[in-house]
2 protein chains.
Amino acid sequence: MKIGELAKLTGCSVQSIRFYEKEELISAPRRSECNYRLYDQKNLEQLIFIKHCRNLDITLAEIKQLLNLKQSPETQCEDVNYLIDEHIKQINLRMTGLKKLKGSLTDLRSKCRDNQTVKNCGILQDLLTKPTGQ
Amino acid sequence: MKIGELAKLTGCSVQSIRFYEKEELISAPRRSECNYRLYDQKNLEQLIFIKHCRNLDITLAEIKQLLNLKQSPETQCEDVNYLIDEHIKQINLRMTGLKKLKGSLTDLRSKCRDNQTVKNCGILQDLLTKPTGQ
DNA sequence: TTAAACTCTATAGTCACTATAGAGTCAATC
DNA sequence: GATTGACTCTATAGTGACTATAGAGTTTAA
């Protein structure tokens, strides 16, 4: 199949498929006479794997690690588990940060009622003078 | 004061102060004989404002808007309120997304016990075959 | 035959910085 | 007076994971 069909099947954009190839996450496929990329079932599976990982916000560098690991089916998979555990930790950190941020913004928002002039806007005044708790 | 002192006082890096100048978020300060940037109290206040905004994840483009608004003290400040409200909405969206993501990752993680081989790793198998819920 | 839809490569842009190179300046110490 | 270390300057490239664009060639359908 050509790149457009692969894109549709996987939900990746055509550009990002070419980008993954350049970054060596997927192997360069064979080409047609006029130099079009031609993909087979195996290419499709590989890209689906990558897409699933990206849906989970796993970075391209980490996906490369996982792909390498898959090359050695007899080794222990503790690195895989570790990688996922670390991601869950990162998400927890990010959520804590966002909660704080939301608190600060909500607090800030409460400093101004509607129908004020800029001069009297409590939000702008707060931003000038007060640290924001971060 | 020179740029290093301003950096210390505001918690910005020297490079990002120069970057803000290039992006026209702060006005170009006067220079010493040997071309060093020299800042005064007003510059300090301006940068503190920017720093507070950045702590709240307000983008540079939005900070520019706010700075423009501050130039017109008699106009209504509804745009300020709207901007903050939108940010709170964005954070809510992001938190919802992260919660889902965490669910998916936790689910995925449960597919593998420790001390498996890569070949039998339930995580890698899931990543190959199953969509991840996003 | 002509138009739309697809493909190709190469390059620049996104965001908010960070890092680096190579050069000049200043203050303190030997 | 010389040297060292800390500071400053400009200009450029890199980050991550793409997206967008230009300019060219190819395929398919009407």
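Just so it is clear: chains get the letters A, B, ... in the order the sequence lines come, proteins before strands, and each one is counted from 1. All figures in this text were calculated on a predicted structure; none of them were measured in a lab.
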N/O donor-acceptor pair under 3.5 Å between A:Lys64 side chain and A:Glu23 backbone: yes
Flag side-chain contact, heavy atom, 4.5 Å: B:Asn43 against B:Asp40: yes
Length of the line joining B:Lys22:NZ and C:dC17:P, which is rounded to integer Å: 13 Å
NZ or CZ of B:Lys51 within 45° of B:Tyr20 ring axis and under 6.0 Å: no
Heavy-atom side-chain proximity of A:Cys77 to A:Leu69 below 4.5 angstrom: no
Chain A footprint on DNA chain D, 5' to 3' - any atom under 4.0 Å from a heavy atom: D:dA17 to D:dT27
Test side-chain hydrogen bond (donor to acceptor under 3.5 Å, both in side chains) applied to A:Asn120 - qualifying residues, sequence neighbours left out: A:Thr117
Backbone of B:Thr59 reached by a side-chain donor or acceptor of B:Glu62 within 3.5 Å: yes
Of all pairs that satisfy salt bridge (charged side-chain N to carboxylate O under 4.0 Å, His left out), the ones with a partner from residues 71-92 of chain A, not counting sequence neighbours: A:Glu74-B:Lys119, A:Asp85-B:Arg109, A:Glu86-A:Lys89
Rounded distance in Å - CZ (A:Arg31) to P (C:dT7): 12 Å
A:Ser72 side chain near B:Val118 side chain, heavy-atom distance below 4.5 Å: no
Separation of atom NZ in B:Lys2 from atom P in C:dG24, rounded to whole Å: 18 Å
Touch class at under 4.0 angstrom, heavy-atom based, for A:Thr59 against every strand present: sugar-phosphate
Interatomic distance where CD1 belongs to A:Ile3 and C1' belongs to C:dC6 [whole Å]: 11 Å
Contact check, side chains of A:Arg54 and A:Cys12, non-hydrogen atoms, under 4.5 Å: no
Qualifying residues under side-chain hydrogen bond (donor to acceptor under 3.5 Å, both in side chains), relative to B:Arg30, sequence neighbours excluded: none
Proximity to DNA chain C (any heavy atom under 4.0 Å), residues of residues 33-40 of chain B only: B:Cys34, B:Tyr36
Those residues of residues 4-19 of chain B lying under 4.0 Å from DNA chain D by at least one heavy atom: B:Gly4, B:Arg18
Close side-chain approach of B:Leu128 to A:Ile48, heavy-atom, < 4.5 Å: no
